[in-house]
Amino acid sequence: MAFWRALLRETGLSRAAGTRPVDTTAPAPVDPRGEPVEEYVRVRVASPSGAASADAPAVPEASAAPTAPESGAGSVATADTAVSPLPRRPVAREGSAGRNGGSRAASLERTLQSLVERHGTEHPDTITARNNLATKYAQMGRRLAAVQQFELALTEAVSVHGDEHPRTEIIRENLAWALEDAGQPAEAAAQWEVLLREREEQFGPADEDTVEARSHLAACYRRDGRLDAAIAHYERAIEDVASTERREELRLGLSMALSQSGRCEASISQLRTVLMARRRRLGKGHLDTLGVHHRLGRAFTQAGRADEAVEVLRDAYRVAMNSSGDPEVRRLTLRLRRDLAGAYNAAGRPREANALL
């Protein structure tokens with residue numbers, strides 16, 4: 001991605017093969033106790049509603065902060081440890097992993113305090129340590145603590161590196177993710193606005209990172225009730241995105257914004273487009289296809305088009321019944337059965353509704 005290419009040019013980092021977009025060949029900064037300080041980590045936090053993308057659930061709306069994924073997020077490996085990227089869907093918060101996370105957070109807190117005492121808050125090593133502590137807080141589900149540390153790190157990074165430095169951008173994006181995860185879409189949108197403006201200027205509107213920033217901005221606008229702005233950014237992102245799968249996800253986000261703004265027909269049109277595309281690409285019995293099929297039926301119900309809702313939901317229910325080997329499909333089948341019964345009732349067909357209940 002262009003953003004990461006710029007970061008590699010700036011810092012001398014090299015791209016790791018396989019699972020991590022970025023790795024480092026340079027020595028890591030060292031704290032006063034001799035413990036290596038992890039380099040800047042670009043985190044991905046699950047969004048408040050747990051969608052697999054910026055705003056487009058593959059299954060009905062209960063899905064959107066943080067998380068996963070839609071473009072390769074990575075971390076920087078050091079001699080000390082490598083912090084893995086966070087999944088877009090919610091992560092486990094307790095258990096043995098949680099206890100280990102607490103121990104790791106305590107270690108990072110000590111490292112940060114030692115660096116503050118030695119170098120002050122506006123030293124590159126201190127900023128790095130604060131970013132990494134915030135990252136660990138985010139992984140542990142300590143949302144507000146993560147936001148607070150990322151905000152401090154961003155203020156310090158702007159002071160030391162400037163607004164447009166690649167490392168400042170990484171921290172700003174981390175903060176945007178953390179704000180989404182903390183259920184603060186307006187505040188997250190403010191950070192995505194800055195990132196979008198900078199990436200458009202540096203790399204153009206069609207760059208992958210620019211499209212990512214625009215799509216997250218659209219999602220935050222939607223969650224914040226700024227629907228006209230959300231719709232405009234979704235539509236622009238759909239024009240600029242290169243990935244077929246990503247375009248489908250953006251159309252789903254657009255359909256949600258259109259539905260919230262009362263434009264039911266336009267919302268239904270987007271769902272039809274995605275359904276046809278996923279049938280061709282994945283097959284009609286795939287969970288992701290069925291999820292959109294279900295949403296289309298619900299959209300007809302919400303639009304007061306009960307007969308069409310019955311037709312669509314009945315078709316989806318039959319397909320799901322024939323594809324119910326997957327536990328997720330079985331769960332979706334139960335929801336389809338419930339919503340089909342509701343559509344029958346809305347269409348004045350209570351006998352058929354009662355047969356399903």
Side-chain angles (χ1 to χ4, degrees), residues 40-57 61-71 73-75 83-95 97-98 101-102 104-106 108-109 112 127-158 168-196 212-227 229-230 233 249 253 256-257 260:
Y40 283 67
V41 178
R42 193 187 196 205
V43 300
R44 290 288 192 263
V45 185
S47 68
S49 55
S53 70
D55 198 39
E61 178 111 24
S63 71
T67 238
E70 32 257 31
S71 60
S75 62
V83 179
S84 300
L86 299 185
R88 296 293 174 87
R89 296 190 180 277
V91 295
R93 305 299 189 189
E94 302 298 337
R104 181 67 185 136
L108 290 170
E109 288 166 349
L112 174 60
I127 298 169
T128 299
R130 192 180 300 282
N131 176 77
N132 294 330
L133 174 59
T135 299
K136 178 53 64 178
Y137 284 159
Q139 290 173 323
M140 295 169 64
R142 296 177 60 182
R143 295 176 175 86
L144 295 181
V147 166
Q148 290 168 356
Q149 292 299 323
F150 278 134
E151 287 176 336
L152 287 171
L154 178 60
T155 299
E156 293 156 1
V158 169
T168 304
E169 289 194 41
I170 291 173
I171 297 174
R172 189 181 299 280
E173 184 172 353
N174 287 348
L175 173 58
W177 278 103
L179 287 165
E180 286 191 61
D181 191 39
Q184 302 180 43
E187 292 79 3
Q191 303 304 325
W192 287 118
E193 286 167 350
V194 175
L195 289 164
L196 175 60
E212 180 189 26
R214 189 183 299 282
S215 66
H216 283 281
L217 177 58
C220 290
Y221 280 159
R222 185 190 68 78
R223 297 186 188 111
D224 195 41
R226 300 163 65 179
L227 299 176
H233 280 292
E249 294 166 355
M256 294 166 69
Q260 287 178 238

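Heavy atoms only: backbone and side chains are in, while hydrogens, waters and symmetry mates are out.
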Item to check | Any residue meeting salt bridge (charged side-chain N to carboxylate O under 4.0 Å, His left out) with Glu109, in chain and number order, not counting sequence neighbours | outcome: none

Item to check | Matching residue for Phe150 among Thr155, Asn174, Leu133, Leu179 - test: side-chain contact (heavy atoms from CB on, under 4.5 Å) | outcome: Asn174

Checklist outcome for this item: Heavy-atom nearest pair, Ile171 first then Ala157, reads CD1-CB, 3.9 Å

Checklist outcome for this item: Closest non-hydrogen contact found for Val147 with Ala182 is CG2-CB, 4.1 Å

Checklist outcome for this item: Value for CG (Leu154) from CD (Gln191), rounded to nearest 0.5 Å, stands at 6.0 Å

Next on the checklist: Are the side chains of His216 and Leu195 in contact, using a 4.5 Å heavy-atom criterion?
Outcome noted: no

Checklist outcome for this item: Rounded to the nearest 0.5 Å, the CG atom of Leu196 sits from the CZ atom of Arg214 at a distance of 4.5 Å

Next on the checklist: Test of understanding: with side-chain contact (heavy atoms from CB on, under 4.5 Å), list the residues that count as partners of Ala229, not counting sequence neighbours.
Outcome noted: Tyr221

Checklist entry - So, Arg143 side chain and Asp181 main chain: donor-acceptor pair closer than 3.5 Å or not? => result yes

Item to check | Closest approach of Leu108 to Lys136 (non-hydrogen atoms, all atoms of both residues) | outcome: CD1-CB, 3.7 Å

Checklist entry - Glu156: what forms a salt bridge (charged side-chain N to carboxylate O under 4.0 Å, His left out) with it, not counting sequence neighbours? => result Arg130

Item to check | Asp224 side chain to Cys220 backbone, donor-acceptor under 3.5 Å | outcome: no

Checklist entry - Yes or no on side chain to side chain contact (heavy atoms under 4.5 Å, CB included) for Gln148 and Leu152, after CA distance, side-chain angles and deciding distance? => result CA-CA 6 Å; Gln148 290 168 356; Leu152 287 171; 5.7 Å; no

Checklist entry - Charged N to carboxylate O below 4.0 Å: is that the case for Arg226 and Glu193? => result yes

Item to check | Check against salt bridge (charged side-chain N to carboxylate O under 4.0 Å, His left out), Glu187 and Arg223 | outcome: CA-CA 11 Å; Glu187 292 79 3; Arg223 297 186 188 111; over 6 Å; no

Checklist entry - Within a strict 4.5 Å, meaning less than it, do heavy atoms of the Leu144 and Gln184 side chains meet? => result yes

Checklist entry - Minimum heavy-atom separation for Arg222 to Ala257, with atom names? => result CD-N, 3.7 Å

Checklist entry - Does the side chain of Trp192 come under 3.5 Å of the side chain of Glu180 through a donor N or O and an acceptor N or O? => result yes

Checklist outcome for this item: OG1 of Thr168 to CD of Glu173, rounded to nearest 0.5 Å, is 13.0 Å

